[in-house]
Amino acid sequence: MPEGHTVHRLAGALTELFSGLRPKITSPQGRFAQGAAKLDGQVALPAEAWGKHFFMPFAPEPMTVELGEDGPDWLHVHLGLYGSWSFDGDTEFIAEDTIGAPRRKIGEQEKLAEGDDERVMTDWEPPIPRDTVRIRLAQEHGIADLTGPNQCRVLDGSGVRTVLNRLGPDPLRNYPGDRERFISLVRKRRVPVGQLVLDQAVTAGPGNIYRADCLFRVGINPLRPGNRVSEARLGLLWDDLVSAMNEGKRDGIILTNPPEYVPEDPADEDDRRFAVYHRTGRACWRCGTKIVESDMAGRRLFWCPGCQR
DNA sequence: CTCTGATGGCTAC
DNA sequence: TAGCCCTCAGAGT
């Protein structure tokens, strides 16, 4: 469901909506009751994302912290396959640059909540949470509910660093040297490159859609062993992950089908949005060959045998 | 109404 | 490689 771009958007949104405040923190489901009690009443500090991992520090007083620093209590969330956050609030509860509109559900899809248009500021009251809500952050103007996460826990600085130590470079951070590091991590291995792109120790953030479509866009066969892909091609792959994921972060949707391939009247959303992902048996936009699907390490893999050799 | 799949990832064998 | 965790929209009966 959520690839790294979604988690980066969420970090921005939750920062805008809660940082500097002392949100009321609860666990309607009860499974995070202890963690909620620990965070409740503390000041929320700016959240960070690394790949698909979300971290939000909480401290007794406002302060500036580095990711993984000792001191604050770090809320660590991994959405896994179907975790999501949903938002609700009055007209002041808006994260302009990161969500684009208030009260969206962010997960596999983002959408406006019902009745968004007519809701008025004075009307708003916190909705009764679903009984699966693991954690609710609440402030005067709105709430954020987390459901279905793979992980939701409180870590100290060293706990955060342990998580980060297992993660490779994140295309959405793209620090100096990351491109080279990605190339060398892939070229060290004989595992198929398609598998390495999903290995979060090789690069943190890409999921099954970016894997399929970015490999297509740079013309790499996902079955090719990592050590047999040229440095030049891997460099292009990194660059493509960086640009595709930045677009996804900006727009809140994965749209990896190159514009020149988007048909006038797409048969469905898959044809509109993707190059090869979910397009098994359909004609490649570029060469007409039928898109192929197979299983790779338990995940569905899609590619064009004509373009990706 | 029931059933399945999904943009993840861990652990045990 | 299989089993397990976490949830629910949309497809199928």
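Naming convention: chains lettered A, B, ... in sequence-line order (proteins, then strands); numbering from 1 in each chain.
A salt bridge links A:Arg173 with A:Glu48; the closest basic N to acidic carboxylate O contact falls under 4.0 Å. Under 4.0 Å is where a charged nitrogen must lie from a carboxylate oxygen, and between A:Asp240 and A:Arg233 no such pair does. Salt bridge A:Glu61/A:Arg22: present, at least one basic N to carboxylate O contact under 4.0 Å.
Rounded to a whole angstrom, the distance from the P atom of C:dT13 to that of B:dG5 is 12 Å. Between B:dC13 and C:dC5, the two P atoms lie 15 Å apart (nearest whole Å).
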Show the distances under 3.5 angstrom between N or O atoms of the protein and N or O atoms of nucleotides 9-13 of chain B.
from: B:dG9; atom 1: OP1; to: A:His78; atom 2: NE2; distance (Å): 3.3
from: B:dG9; atom 1: OP2; to: A:Lys52; atom 2: NZ; distance (Å): 3.1

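Contacts with DNA chain B (heavy atom under 4.0 Å) in residues 238-247 of chain A: none are found.
Under 4.0 angstrom from either OP1 or OP2 of C:dC8 there lies at least one side-chain N or O belonging to A:Thr132. Between A:Arg130 and C:dC8, a side-chain N or O to OP1/OP2 separation shorter than 4.0 Å is present.
Between the CG atom of A:Asp131 and the P atom of C:dT7 there is a distance of 9 Å, given to the nearest Å. Across the protein-nucleic acid pair, A:Phe32 atom CZ and C:dC5 atom C1' stand 17 Å apart, rounded to whole Å. Atom CG in A:Leu81 sits about 17 Å away from atom P in C:dG3, given to the nearest Å. Across the protein-nucleic acid pair, A:Asp295 atom CG and C:dT1 atom C1' stand 11 Å apart, rounded to whole Å. Separating the CD atom of A:Gln29 from the P atom of C:dC5 is a distance of 14 Å, rounded to the nearest angstrom. Rounded to a whole Å, the CG atom of A:Asp270 is 12 Å from the P atom of C:dA11. Distance CG (A:Asp268) to P (C:dG10): 15 Å, rounded to an integer number of Å. The separation between A:Asp145 atom CG and C:dC8 atom C1' is 15 Å, rounded to whole Å.
Distance check, rounded to the nearest 0.5 Å: OG1 of A:Thr132 to CD of A:Gln29 gives 6.5 Å. To the nearest 0.5 Å, atoms CG (A:Leu75) and CG (A:Leu45) are separated by 12.0 Å.
With a 4.5 Å cut-off on side-chain heavy atoms, A:Val197 and A:Cys214 do not count as touching.
Contacts of A:Asp268 classified as salt bridge (charged side-chain N to carboxylate O under 4.0 Å, His left out), with partners at least two apart in sequence or in another chain: A:Arg282.
The main-chain N or O of A:Glu69 is found under 3.5 Å from a side-chain atom of A:Trp74 such that the two form a donor-acceptor pair.
The number of heavy atoms from other shown groups lying within 6.0 Å of CD (A:Glu66) does not exceed 12.
Backbone-only contact: A:Arg134 has heavy atoms under 4.0 Å from sugar-phosphate atoms and none from a base.
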